[in-house]
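As structure tokens, the structure follows; a few thoughts come after it.
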Number of protein chains: 2
Amino acid sequence: MHELHFAVPMAGAVICTLNTRHDSAMLSVLLRHSEAKVIFVDYQLLEIARGALDLLVSTESKLPILVLVPESDDSSQTTITSDTYEYERLLASGHTEFSIRRPRNELDPISVNYTSGTTSLPKGVVYSHRGAYLNAFATFFLHGMGSMPVYLWTVPMFHCNGWCLIWGLTALGGTNICLRSVSPKAIFQNIALHKVTHMGGAPTVLNMIVNSPSNDRCPLPHKVEVMTGGAPPPPQILLKMEELGFGLSHLYGLTETYGPGTSCVWKPEWDSLPQDERLKLKARQGVQHLGLEEVDIKDSITMKSIPADGKTVGEVMFRGNTVMSGYLKDLEATQEAFRGGWFRSGDLAVKHPDGYIEVKDRSKDIIISGGENISSVEVETTLFSHPAVLEAAVVARPDDHWGQTPCAFVKLKEGFSVDAQEVIKFCRDRLPHYMAPRTVIFEDLPKTSTGKVQKFVLREKAKALGSLSKWKE
Amino acid sequence: MHELHFAVPMAGAVICTLNTRHDSAMLSVLLRHSEAKVIFVDYQLLEIARGALDLLVSTESKLPILVLVPESDDSSQTTITSDTYEYERLLASGHTEFSIRRPRNELDPISVNYTSGTTSLPKGVVYSHRGAYLNAFATFFLHGMGSMPVYLWTVPMFHCNGWCLIWGLTALGGTNICLRSVSPKAIFQNIALHKVTHMGGAPTVLNMIVNSPSNDRCPLPHKVEVMTGGAPPPPQILLKMEELGFGLSHLYGLTETYGPGTSCVWKPEWDSLPQDERLKLKARQGVQHLGLEEVDIKDSITMKSIPADGKTVGEVMFRGNTVMSGYLKDLEATQEAFRGGWFRSGDLAVKHPDGYIEVKDRSKDIIISGGENISSVEVETTLFSHPAVLEAAVVARPDDHWGQTPCAFVKLKEGFSVDAQEVIKFCRDRLPHYMAPRTVIFEDLPKTSTGKVQKFVLREKAKALGSLSKWKE
């Protein structure tokens, strides 16, 4: 995948990386939608790819050429059928004098990234050469990267083209450390072995690290800078990561903004604040990066900027070079996303008096109970502060009386036991009464491959539970 | 000057910073050529500015409005005449609701920089908004700057808009430390006081630092990264700077390339090389920065790339976003500079097998003696290795027999005494015979305000000496 990020654009084509967790059905939908001409397949995913091609045959769609990246360079160990190319052999048949097909226009597409599914319908987000170049620059700064960084990939490369770092690390003379599967042991070992300087980490990965058994850990060779995003990191996890010797930066963005668009840039004067205040500040989404023209919080109807009072909620909106060109073959969704001249994130946030933004929730994740807005993020943060809680997600449960009530899905740490009443009481002691969950369900949380909790799955479950209150007339 | 770098472009105007060492005559020429509408003048330069305006009056040119930046904020101490505004009072009369006049096109000019005169005729180099933005990004990386650097200005801000760092440092939340006059004592004191992390330094400034009396020095709070350029730094100075605790990066570029265009990016494997090899590598100009499309060494006639053999000499050529838009009101010079589709630097260089470039000389600084090319830089490097030599510059002296012979201008360190014969012998022991100077003149070297030796002045002097050899038929 790393090599293809260079080879495909240099051949004048557009790279479309596909989520390695898709099944054959989803894969066939995306291959058809993207009109892929060639599909490069890692040996571990060959069966899924073949399944997708079979489905394409059955719908009489045009088939892409399949190129297999085999387990071993020794191709005698791989079974190649007549309709399949083998990667290294294909490369060997190329012309060394091939001259790079540069984009005719800097706004030409370089990649398509299908949104990874916190909703169930992926959309093809188009990036341009210009945007990718500028986002690589901007991402260096978010990471505080100098010359020749050593980067550990735990966030998949297919996710937003690795925030454009696949291209960017090469420009910096960097080293890429890749893992076939992410585990705390592999993370610690690779950091020590390769003297990793920077890594990305979804909340799930951070959670994995801080809850790892001590014999899976080894000492860090130096402070390792970790960029996290996806969801505001719970303060408890931030704190434990720092205790382990990681430096944590909190980034925020969407596939549509080439990955990170804002960063909670740390001010030196905050170092001397009490711990709880520091952690609260660190959970903010912060300020826009240098590749964007502007990030603002606006009233989604009037398009007016909301006041920087830390209270008024508006929608996070982006504009600039590192905002997608649009959704592939979906003019309607593109127009809707850019209605009013800004890219509308669907995230609800406040702006603090110092200009730092803080995301309160996804529009669709907000819970409205008895007319009061409840930020699912705030309830989750409280749940995370319970010593027995490993993972938590809060969604709306429909309610005949209140409209909605907060419903918590919780995964406990191994060896811990606690019941719903205890969890509810814990929250009521720490939150306004109406914000505490009315329902607590203990189970493993469904996640996307980038570690985001699939709230739409949980919302369906909460809906199926029916109303908690009886309707009183 | 720092404030105006923001205010002028945000008012929709173009900033033209003028060299603070110009006299009234030169200033009047540049004011007329640039058609400046307003001139902002520091109190120390008021008389020179008034002299320039008087000259404009005498040629019946249109006069710019003069705005005085007084010594003290207490304006009662300043004498303001009726035709002069006072800076703070002018600001106070502005409208707070003024909305920024953004460029209509990103290629609109943001600044004009008059080349500072290694030749005697300044040309107005035009920068664009797009180029300035990208050069700021690229310069961060050359400097290894992260969030909130503390930058000490020893290279004047009027020089290439401070390599676009005036804008860039603000984007990084940086701190600017400015000096009214540059001295080793002031440099060391400000580094210690403000915990300076980065600074620029022309060769003269480095020379000043390494030759400073020890009681002018104070310990550095941490490693201070110094970016040097203008001329390849002599190895002896590089070494002494490192001993003092500075980290040195060697940059190369021209006003026409927004300042630095290449950097001698240091490879970790070079750390273990013997000292003389390390110093030789460090004096290379290196590889292009990330804001440029391409830097190449080409045959200036055929425009073909020269082989990367470390021997073949060609001309350094640039293309990309951080190359000037052109020379103001000088189509002929612009066309000549871009002949063949590349910006032609006039510098002669080789390309090493690893792709790093090494500048041998300015085309016009090369000395041709008996048909052999002599790099004045190589002779200067040898002169610098003499313990008594503080400064040295070598130019061609016309010669009836050899065509040209190398003529050295040397400034000795205080308390040292050495004669011409000794200097010549020192060089002959270390260089091919034909490369050693035939003439040595001891004197202070004439310099531009950015610390470059004014070789055209020395060339005139050498020419005036006449031929050393008698013409033999």
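Residue numbers begin at 1 in each chain, while the letters A, B, ... track the order of the sequences. None of these values were measured; they are calculated from a predicted model.
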Subject >> Full working for side chain to side chain contact (heavy atoms under 4.5 Å, CB included) between B:F140 and A:F140 >> reply: CA-CA 10 Å; B:F140 298 157; A:F140 299 157; over 6 Å; no
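Around NZ of A:K195, the count of heavy atoms belonging to other residues, nucleotides or ligands within 6.0 Å does not exceed 12.
The side chain to side chain donor-acceptor pair (under 3.5 Å) search around B:K298 returns none, not counting sequence neighbours.
Between A:Y133 and B:F137, the gap from one ring centroid to the other reaches at least 6.0 Å.
A salt bridge links B:R130 with A:E106: the closest approach of a Lys/Arg side-chain nitrogen to an acidic carboxylate oxygen falls below 4.0 angstrom.
Contact count versus chain A (heavy atoms, under 4.5 Å) is highest, among B:A171, B:G173, B:S147, B:G144, for B:A171.
Contacts between A:M148 and chain B at a heavy-atom distance below 4.5 Å involve the side chain alone, from C-beta outward.
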